[in-house]
Amino acid sequence: MTTSFGGANTAIPKDPKLLRVPTSFNGLQSASNSLLLSKRLHVYHSFSASTAGPNSIIRAVSTPVKPDTSVQPKRSKVEIFKEHSNFIRYPLNEELLTEASNINEAATQLIKFHGSYQQYNRDERGAKSYSFMLRTKNPCGKVSNKLYLVMDDLADQFGIGTLRLTTRQTFQLHGVLKKDLKTVMSSIIRSMGSTLGACGDLNRNVLAPAAPFARKDYLFAQKTAEDIAALLTPQSGFYYDMWVDGEKILSAEPPEVVKARNDNSHGTNFPDSAEPIYGTQFLPRKFKVAVTVPTDNSVDIFTNDIGVVVVSDSDGKPQGYNIYVGGGMGRTHRLESTFPRLAEPLGYVPKEDILYAVKAIVVTQRENGRRDDRKYSRMKYLISSWGIEKFRTVVEQYYGKKFEPCRELPEWEFKSYLGWHEQGDGGLFCGLHVDSGRVKGTMKTTLREIIEKYNLNVRITPNQNIILCDIRQAWKRPITTALAQGGLLQPRYVDPLNLTAMACPAFPLCPLAITEAERGIPNILKRVRAVFEKVGLKYNESVVIRVTGCPNGCARPYMAELGLVGDGPNSYQIWLGGNPNQTSLAKLFKDKVKLHDLENVLEPLFYNWKRKRLSKESFGDFTIRTGTEKLQEMVDKWEGIPLGASRYNLKLFADKETYEAMDALARLQDKSAHQLAMEVIRNYVASQQSGK
Ligand code: SRM
Ligand code: SF4
């Protein structure tokens with residue numbers, strides 16, 4: 001039986017020139033964005049608010065205008081692929097039907113919009129072994145019981161036997177073969193999951209605090225995240241055509257979302273297009289939104305294109321939102337015109353306006369973001385070049401109102417939600433740390449058993465961890481025991497350095513990796529722990545460490561207190577100056593630090609932090625206060641820990657023979673004697689606690 005990709009209504013003419021592109025606006029949009037913007041704004045200004053009915057503006061905006069071919073701006077290849085794709089169908093549909101194990105370049109770009117990346121195993125020599133990585137979309141990280149169990153099965157049946165929890169609250173499933181794509185995709189869709197728009201030039205997964213608190217503000221933030229996700233979901237049906245033969249398996253959308261999407265009062269939409277917000281060209285680049293409540297920075301709010309914060313009145317009733325814009329992490333080595341950037345305040349909007357304000361921002365980026373060079377296409381570069389004032393003015397034209405000044409908010413705090421917590425509705429939730437988000441082996445089996453047995457829903461956090469939700473009080477004990485037996489320890493038994501650390505997947509499947517990250521971080525953390533012990537830092541002291549295999553910043557290393565960014569084989573850039581609450585941007589400290597030289601940099605830094613910090617000063621704040629020059633001097637002039645300052649604690653309380661035996665064993669495991677002793681003690685305590 002031949003597998004069919006795409007319903008009957010999606011037949012694609014072979015000649016892309018014959019493609020029927022439903023919007024009258026096609027081409028124009030890509031031909032001259034700035035020309036267009038001025039036309040639109042002109043149109044907007046020429047109508048008074050009372051006389052400017054939606055239709056008059058619609059007609060004015062959508063009137064085809066011959067592009068001025070003499071000023072055709074350069075467009076990136078991906079823009080051409082999108083334009084010729086008949087809304088993300090051609091030539092993906094055809095490519096999926098070939099016998100080859102891979103798909104061509106255009107289809108590789110298009111399949112991203114369906115939530116998948118073509119990859120190959122970079123550890124293997126010879127002919128490339130292709131597979132596909134699938135990424136789900138889970139606003140707020142919400143995953144139903146059914147979807148979790150299906151993902152767990154799919155990983156075993158069609159993937160590499162692991163599930164990856166990501167830094168944006170989604171699953172990644174690696175290693176799916178082309179021939180299995182339709183089965184896997186349709187299984188996800190039929191379990192009310194989705195991969196639509198998890199990748200590609202559109203809005204990605206919308207973050208929100210994962211904690212299932214039954215609190216007004218949290219519920220409101222999560223609902224807002226879901227509404228924004230729905231508002232910006234592609235509408236042209238390419239996804240369902242491709243994977244479930246056009247069947248629409250969708251839950252009903254809230255009417256206010258449909259209304260906001262269709263509203264064209266301010267010339268935001270392509271009114272006759274199958275994609276009213278995106279048009280044929282979608283956005284210039286990926287687009288990221290996070291929503292949260294004051295103080296809760298579990299979502300790394302300032303790293304997003306749009307950060308939305310719920311503002312409540314004195315009774316705790318949500319009234320509106322502060323909006324921040326222009327965050328982003330990605331950069332390119334040796335290209336200083338690319339940079340990570342924090343979002344800055346745009347303004348406050350009343351609660352009923354949020355979807356309109358978000359749409360206005362998206363449209364501003366759609367119309368003005370660069371489409372010639374994808375390195376500069378993110379909205380942060382637009383805001384950086386325009387400045388926030390001009391950006392705000394343009395957004396206001398599409399929003400149709402002025403932004404109010406942002407409301408003052410209390411300090412931010414990073415919240416991990418690890419361990420047991422009350423939900424506030426009688427139920428409990430339990431946050432579990434998962435190293436680099438990789439669910440595998442015994443841990444995977446245990447999680448599945450517990451989630452299945454107790455019929456639990458789960459949430460994925462923006463820190464690659466998982467939360468088990470809706471647990472009855474009576475289940476707490478047996479679940480704690482089962483988790484510990486599966487290696488899922490309560491946070492107090494996990495090394496504090498691991499608890500906040502993150503690494504991106506990097507090798508072997510990420511095509512952009514230069515250096516190891518997920519596979520390298522366990523050893524890096526052990527070595528940092530050893531340095532901590534050597535310089536006399538206590539076990540419960542910690543720093544936020546994030547490692548990525550390249551400068552794209554998938555584990556947000558530029559917000560870490562110690563960021564390691566791969567810049568060559570076994571070498572990393574070191575970034576310093578983020579803080580534990582994720583509110584400050586790190587700075588590049590050193591280039592090309594070879595992995596084996598790590599201690600030469602870290603020892604002097606941690607030694608000086610230990611001795612020169614102010615009361616309760618975090619490592620990040622210490623590095624900022626000290627300044628790069630002085631830190632540099634500390635590293636350059638380092639001659640090792642002064643005699644007598646070192647603290648090998650085990651020596652202090654063990655007899656000579658025990659210490660030496662422990663030391664010999666520890667060396668075999670590349671650890672210090674003290675480190676091994678502490679591990680043994682911690683494991684003992686954990687096993688006693690779990691009754692093992
Ligand atoms: Fe990412 C590309 C993994 C979050 C910035 N990211 C990739 C790809 C798809 C490589 C590729 O293009 O072929 C990686 C797949 C690796 C693999 O084998 O699995 C990849 N990114 C990830 C994940 C899985 C990292 C993780 O450890 O969890 C995260 C999945 C998120 C999700 O569920 O949607 C992930 N990526 C991020 C983040 C963090 C965030 O969004 O909060 C960033 C920085 C924030 C930002 O976007 O500015 C990020 N990823 C990038 C970039 C650089 C974008 C840029 O502006 O320059 C790329 C490369 C690109 O887009 O060209 C990239
Ligand atoms: Fe790949 Fe670079 Fe992202 Fe790591 S940071 S997953 S190496 S793109």
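Remember, it's 1-based here, ligands and their atoms both numbered in the order they're listed.
- Tested against Glu79, the residues Gln281, Arg374, His84 include a single side chain to side chain donor-acceptor pair (under 3.5 Å) partner, Gln281.
- The side-chain heavy atoms of Val143 and Ile466, taken from C-beta on, include no pair separated by under 4.5 Å.
- Partners of Lys444 under the side-chain hydrogen bond (donor to acceptor under 3.5 Å, both in side chains) rule, at least two apart in sequence or in another chain, are Asp152, Asp156.
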List ligand 1's nitrogen or oxygen atoms that come under 3.5 Å of a protein nitrogen or oxygen, with the partner atom and distance.
unit_1, atom_1, unit_2, atom_2, d
ligand 1, 18 (O), Gln119, NE2, 2.9
ligand 1, 18 (O), His174, NE2, 3.3
ligand 1, 19 (O), Gln172, NE2, 2.6
ligand 1, 19 (O), His174, NE2, 2.7
ligand 1, 27 (O), Arg164, NH1, 3.2
ligand 1, 27 (O), Arg164, NH2, 3.1
ligand 1, 27 (O), Gln464, NE2, 2.9
ligand 1, 28 (O), Arg164, NH1, 3.2
ligand 1, 28 (O), Thr167, N, 2.8
ligand 1, 33 (O), Thr166, OG1, 2.6
ligand 1, 33 (O), Thr170, OG1, 2.6
ligand 1, 41 (O), Arg168, NH1, 3.0
ligand 1, 41 (O), Lys288, NZ, 2.8
ligand 1, 42 (O), Arg168, NH1, 3.2
ligand 1, 42 (O), Arg556, NH1, 2.6
ligand 1, 47 (O), Lys288, NZ, 2.8
ligand 1, 47 (O), Arg378, NH1, 2.8
ligand 1, 47 (O), Arg378, NH2, 3.3
ligand 1, 48 (O), Met329, N, 2.7
ligand 1, 48 (O), Arg378, NH1, 3.2
ligand 1, 50 (N), Lys286, NZ, 3.2
ligand 1, 56 (O), Arg378, NH1, 2.9
ligand 1, 61 (O), Arg285, NH1, 3.0
ligand 1, 61 (O), Lys286, NZ, 2.8
ligand 1, 62 (O), Arg285, NH2, 3.0

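- Under the 4.5 Å side-chain criterion, counting only non-hydrogen atoms from C-beta, Tyr239 is not in contact with Ile88.
- Summarising the geometry of Ala586 relative to Ala560, their closest heavy-atom pair is CB-O, 3.9 Å, with the distance given to 0.1 Å.
- Pairs passing the side-chain hydrogen bond (donor to acceptor under 3.5 Å, both in side chains) check and including a residue from residues 547-565, sequence neighbours excluded, read Asp300-Arg556, Arg331-Tyr558.
- Protein N/O/S atoms closer than 2.8 Å to atom 3 (Fe) of ligand 2, listed by chain and residue number, are Cys554 SG.
- The heavy-atom pair separating Tyr321 from Thr224 by the smallest distance is OH-OG1, 2.7 Å.
- In this structure, Lys594 places its NZ atom where more than 12 heavy-atom neighbours from other residues, nucleotides or ligands lie under 6.0 Å away.
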Candidate pair Thr338 and Tyr381, rule side chain to side chain donor-acceptor pair (under 3.5 Å), full reasoning: CA-CA 8 Å; Thr338 65; Tyr381 296 114; 4.7 Å; no

